[in-house]
Amino acid sequence: MPEIRVTPLGAGQDVGRSCILVSIGGKNVMLDCGMHMGFSDDRRFPDFSYITRNGRLTDFLDCVIISHFHLDHCGALPYFSEMVGYDGPIYMTQPTQAICPILLEDYRKIAVDKKGEANFFTSQMIKDCMKKVVAVHLHQTVQVDDELEIKAYYAGHVLGAAMFQIKVGSESVVYTGDYNMTPDRHLGAAWIDKCRPNLLITESTYATTIRDSKRCRERDFLKKVHETVERGGKVLIPVFALGRAQELCILLETFWERMDLKAPIYFSTGLTEKANHYYKLFIPWTNQKIRKTFVQRNMFEFKHIKAFDRAFADSPGPMVVFATPGMLHAGQSLQIFRKWAGSERNMVIMPGYCVQGTVGHKILSGQRKLEMEGRQVVITPTLPPPALSHACCDTAAGVMQVEYMSFSAHADARASCSCGQAEPENVLLVHGEAKKMSFLKQKIEQNSVGKPRRGRACEGGFSRACADRARHLAEALSTPPRGQLLYAANGETVTLSTSPSIPVGISLGLLKREMAQGMWAGHAGWGGAAAGQVAPQTAPAPAPAPASQGYSRMPRSPGSCRHPIMKDSNFRLVSSEQALKELGLAEHQLRFTCRVHLHDTRKEQETALRVYSHLKSVLKDHCVQHLPDGSVTVESILIQAAAHSEDPSTKVLLVSWTYQDEELGSYLTSLLKKGLPQAS
Amino acid sequence: MLDCGLDMTSTLNFLPLPLVQNPRLSNLPGWSLKDGNAFLDKELKECSGHVFVDSVPEFCLPETELIDLSTVDVILISNYHCMMALPYITEHTGFTGTVYATEPTVQIGRLLMEELVNFIERVPKAQSASLWKNKDTQRLLPSPLKDAVEVSTWRRCYTMQEVNSALSKIQLVGYSQKIELFGAVQVTPLSSGYALGSSNWIIQSHYEKVSYVSGSSLLTTHPQFSVVFQPMDQASLKNSDVLILTGLTQIPTANPDGMVGEFCSNLALTVRNGGNVLVPCYPSGVIYDLLECLYQYIDSAGLSSIPFYFISPVANSSLEFSQIFAEWLCHNKQTKVYLPEPPFPHAELIQTNKLKHYPSIHGDFSNDFRQPCVVFTGHPSLRFGDVVHFMELWGKSSLNTVIFTEPDFSYLEALAPYQPLAMKCIYCPIDTRLNFIQVSKLLKEVQPLHVVCPEQYTQPPPAQSHRVDLMIDCQPPAMSYRRAEVLALPFRRRYEKIEIMPELADSLVPMEIKPGISLATVSAVLHTKDNKHVLQVPPRGGWGPPPRPAQPTGGKKRKRPSDDIPDCKVLKPLLSGSIPVEQFVQTLEKHGFSDIKVEDTAKGHIVLLQEAETLIQIEEDSTHIICDNDEVLRVRLRDLVLKFLQKF
């Protein structure tokens, strides 16, 4: 059996450094090439030795696909291509191609200049790496080679984020990357067509976090910011330069305008202005509303939001600052956090997910004491996560408030797998912590109860609230997978057997004939029976396997990835007549004519008529006809009545049929032998 | 339906629509027949020897009489100029299909339509002339009115509501996107290099391929244009059975580079002499190129202080839209957005206040207006739009110049209702579409089996009948068509692709009949859904319709006579070969038949089994067994015959 094999090199059951190896139809594709922000050692990059211990990356991989510009999806790219060594194509959308090198450079600066890490990739390596990138447009079918094709769909996670379909022959995989099912203030919702992949690889980052309704969250956010600013406090919002930042900026901009607020809003320098400019130039990637109105007003030209200068952090009075990076692990956001953490009037709002090992993760997971530059900062959260959706960290003396708000555009439990619209056969979960993944897995499986599929139903050991969330998820999963639900750890291979159907050319005449018969018979759901002959092309074709091998003996080598994708197969389906003709053979017609003696004193014509009405009444499903010349036909069987040469009270029925009608002909003779019913 | 363009040259027969009351136009004399009959003098006006219809301008529609538009499933649009008739086709005609076009095509197309509607609607004209259209009357009119075709089908402009409704039927597509139509054919738009989002289309089934090449450009020959859009995708056009070729350059003798040079120098000359320059243009397309050239030219030509005005109800939208479709531009322009910078330099012209844009001459423009200046405005037919105002304003002075760059209209005809004119007229048509040299290069590269094109491309232009280089030259000769002609494309469909389920494929055992040729008989159920055919393993119960619902339980099941009727769909192998009579007779004898007689016939032999009153006719490729109703005997004979034959 052909197989699809998936091996996470980074993301399986681990947030950060997304990197998944997919083998399909003899092709090897790497999905994403991310880094882990919680580590500074080897663990920050995926384990490419899994591939390199057997040879060079370029020899093994047919292509690399990057789903979006977040560093946990592309951060290891220069290391991978320039330091480990990969020269094949790297596919990504144009916005990703534009923004990714900037974030990589940013990341490099922090790692090398600020943390002093050695053996890191250089600026030149980033440039060289980006030269290997091929831009992919939405819905464009990119032919990587003769057999491998990829297609991008809108994912709505960040600007330029895409889901990818990877297809070889009739087998396919869809990789969702991070995606967002609900349109937000600047991006649209993810969309994919009913492409029915064999396998859907999707994320489960937010598996246990059901985000409050969008409006609630926004109102909450604005309220917290407003309150803090009103009492003269400072608000720090650690963000990634691109993505959620723009959504929150739009939110605050409109709020400031409506409330006529005067407190300054800053956006940490350089990158941000640039970032907003990208959004202006990539308007077709934003949501419907922005696209419609951008001529009148470009949403990314902010009036109230200004560039931040380091000195502003020490200015008195209220302010709101968006600062990078989003997980408080380094750079400006961390500096500001240190400065402001000491005052209970101030607040830090964490709008996104934080990876283990970062300061952001520490304060969100309820750590009370943080060691920073030898100084201890104490914070006391009242509610311990993982009920993270609203982890309000109450004020203690001299302690900054901490808010977590799930604004990140990952699919939440409700939306995860809503990519059911693609109608996948099987689903593989990646990019989540092991516990959350098993939770999501159970819930998806529960959803299947009462539905005809193979999935196993389990009872989750989670709270009622979790169960409720799972129910939402189940509802969102409009079409549960027909096959299995899988998840894999790093370096662990998941194998999926597929049975692709084989494309074959059929002569149009034969197809039309069979379809017409099917319709004529009026069998709902059933077509006609195809009586075809499969013949390989007569021309000396460079067939991969000897023609005599045929379908029944196709190469099966379990260890290797080779399997029979019969793309331009040499097989043709033609009618028997045509097959014989092409072979230079003539059909040999075998015909039988049986004499059936009947006792009947009437004339031959009347006998024929009696035969006709008898057969007509018995053979309701067959075409029985009485021809003008007096003969009777049943389908293609001919029956003629003749006088007996000696006995005038006996008539001879000549029943004549070909070998093709053997059963019916034989049946008719035995039926007629029994005699005709008396005419009533 | 491939494209639905609008023939706007019909508007040249009408008087211009002035924005403000225009005494010159309203005082033109009515036209009367030679015999003095003046019944048409309200409808027809005379100006410098030309006769014009004094009415709301009307457009010549595509041929719609020939087909029932409700039977059109799909319309493929190749570029924004080729969709201007869309509302006439999709609205009030019963059309229920889908229109496919790229996003830039739709956005720019919307702007062109919006501008057109706006131009016509903002100067309401009470009069709608129809008398002149009467066939008998039209014959009496002077040229070109006399020769105008299909005047009875000419229609007034559509409304914005109709435009919106038409555009809502469009489905957006991207280059190289494979779009399945009803499971029967696949269509794919390809970059054509001519305009923002312009595309050629491939229409293919599994075995046949038709390419539709419309409005393409091989920009490599236009260094001046620095390759603006994604280059034309030629490789994907290969292996076409038929290539439909249309939308070639309208000015095959003019070199776009030279034209741009002339445009710039004439513009500079006029302005330096204190005159104004008027450039009638569409709000999108060539204007981007012109602005880009001027951006490089302005400072070196010392024109930095001259204001450039772009006046159109959609000027702002057009300039904004051009900057957000980086993905549809050439590589050089794409890399600009990585910086990030807008791909077209007119952003900088606007920022530095060198280029200003206005929705119309009313409002802000009248305050800012400074002369001498350069004005880009529409419509290039000079029959409506703000351009009419500038023609009247500047026409009397020889200091001013009008420069024609759009190739769609004859500039002499466009100018006719403004005669006599003192203003200078320069004709610099810029048409970057394929010329005949490029066509022959393209055809050599792509090598389609057949070429289909409009009739006028298969002969030299009427005015230059000696220029045999100005026509398509290919082998076999191109098949040509003209309006409302039905053409059968020269290919026969012979094969279709279907799928065989793996279980069925596994059960096939091909036999090698000849070296390299194997054969297997396939017995399967053909499952057809959405025009996709799949061969499945036949159900175990045998052939025929799905099992009838089970009989109600209880009661003894009575055997009905029909229960053992065999289904005729049980398939027998096909037989081939021939029966060697002598061996056959020997075999019969071996199996206990005696009293066998063999007679020769014209075509073969007759074997008589006298005892059994049985007769076997044997010929080269047929055997006929004639016997009494003795099933045991018949089956024995049958099996003996089958032994000698090959079964497939």
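Atom NZ of B:K532 sits in a crowded spot, with more than 12 heavy atoms from other residues, nucleotides or ligands closer than 6.0 Å. With a 6.0 Å radius and a threshold of 12 heavy atoms from other residues, nucleotides or ligands, B:D530 has its CG atom at or below the threshold. The neighbour count for B:N531 CG, taken as heavy atoms of other residues, nucleotides or ligands under 6.0 Å away, is above 12. A 6.0 Å sphere centred on NZ of B:K647 holds more than 12 heavy atoms belonging to other residues, nucleotides or ligands.
Closest approach of B:V337 and A:Y278 over heavy atoms only: O-CE2, 3.1 Å. Here the shortest heavy-atom pairing between A:L281 and B:P342 reads CD2-CA, 3.8 Å. The two atoms that bring B:P502 and A:S501 nearest to each other are CD-CA, 3.8 Å, heavy atoms only. Nearest heavy-atom pair, A:G505 versus B:Y207, reported as atom, atom and distance to 0.1 Å: CA-OH, 3.1 Å.
In the model, A:H588 has no side-chain atom that pairs as donor or acceptor with a side-chain atom of B:S578 under 3.5 Å.
Under the salt bridge (charged side-chain N to carboxylate O under 4.0 Å, His left out) criterion, A:K127 pairs with no residue, sequence neighbours left out.
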Report task. In sequence, state the C-alpha distance, the side-chain angles, and the governing distance for B:Y175 and A:H137, and then conclude on side-chain contact (heavy atoms from CB on, under 4.5 Å). Result -> CA-CA 8 Å; B:Y175 287 153; A:H137 307 286; 5.5 Å; no
Query raised in the report: Between A:S666 and B:R634, does a side-chain contact (heavy atoms from CB on, under 4.5 Å) hold up when you go through it step by step?
Result: CA-CA 10 Å; A:S666 168; B:R634 188 185 70 81; 3.6 Å; yes
Query - B:I626/A:R595 under side-chain contact (heavy atoms from CB on, under 4.5 Å): CA gap, chis, key distance, verdict - result: CA-CA 8 Å; B:I626 301 158; A:R595 294 183 289 262; 3.7 Å; yes
**Report entry** side-chain contact (heavy atoms from CB on, under 4.5 Å) assessment of B:Y495 paired with A:V574
**Finding:** CA-CA 9 Å; B:Y495 284 94; A:V574 299; 3.8 Å; yes
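For the set A:V596, A:L511, A:D193, A:L585, the entry with the most heavy-atom pairs within less than 4.5 Å of chain B is A:L511. Taking chain A as the reference chain and counting heavy-atom pairs below 4.5 Å, the highest number among B:Q177, B:R493, B:E613, B:E499 is found for B:Q177. Of all the listed residues (A:T93, A:L138, A:L580), the one sharing the greatest number of non-hydrogen pairs under 4.5 Å with chain B is A:L580. The most heavy-atom pairs under 4.5 Å with chain A, out of B:Q334, B:Q323, B:Q107, come from B:Q334. The choice from B:L637, B:L645, B:T614, B:N316 that makes the most heavy-atom pairs within less than 4.5 Å of chain A is B:L645. Among B:Q646, B:R638, B:M501, the residue making the largest number of heavy-atom pairs under 4.5 Å with chain A is B:R638.
Taking the side chain as every heavy atom from C-beta outward, A:L590 and B:L642 approach each other to under 4.5 Å. Side chains of A:P284 and B:I324 form a contact here, defined as non-hydrogen atoms less than 4.5 Å apart. Here the side chains of A:M515 and B:L526 are in contact, with some heavy-atom distance below 4.5 Å.
Heavy atoms of B:E496 lying under 4.5 Å from chain A belong to its backbone as well as its side chain. Neither the backbone nor the side chain of B:H206 comes within less than 4.5 Å of any heavy atom in chain A. Heavy atoms closer than 4.5 Å to chain B are found in the side chain of A:S656, but not in its backbone.
Of the inter-residue distances, the one linking A:H277 atom NE2 with B:L339 atom CG reads 10.0 Å to the nearest 0.5 angstrom. Distance check, rounded to the nearest 0.5 Å: CD1 of B:I179 to OG1 of A:T141 gives 9.0 Å. Here the OG1-CZ distance, from B:T623 to A:R591, works out to 12.0 Å after rounding to the nearest 0.5 Å. Atom-to-atom distance recorded for A:R572:CZ and B:R494:CZ is 7.5 Å, nearest 0.5 angstrom. Taking CG from B:L535 and CD from A:E514, the interatomic distance works out to 9.0 Å, rounded to the nearest 0.5 Å. Separating the CD atom in A:E149 from the OG atom in B:S176 is a distance of 11.0 Å, to the nearest 0.5 Å.
With respect to B:I498, the side chain to side chain contact (heavy atoms under 4.5 Å, CB included) criterion is satisfied by exactly one of A:I502, A:V504, A:L510: A:V504.
Proximity of a side-chain donor or acceptor of B:Y338 to a complementary backbone N or O of A:P95 within less than 3.5 Å is not detected.
With respect to A:K673 and B:E631, no salt bridge is recorded, no charged nitrogen being found less than 4.0 Å from a carboxylate O.
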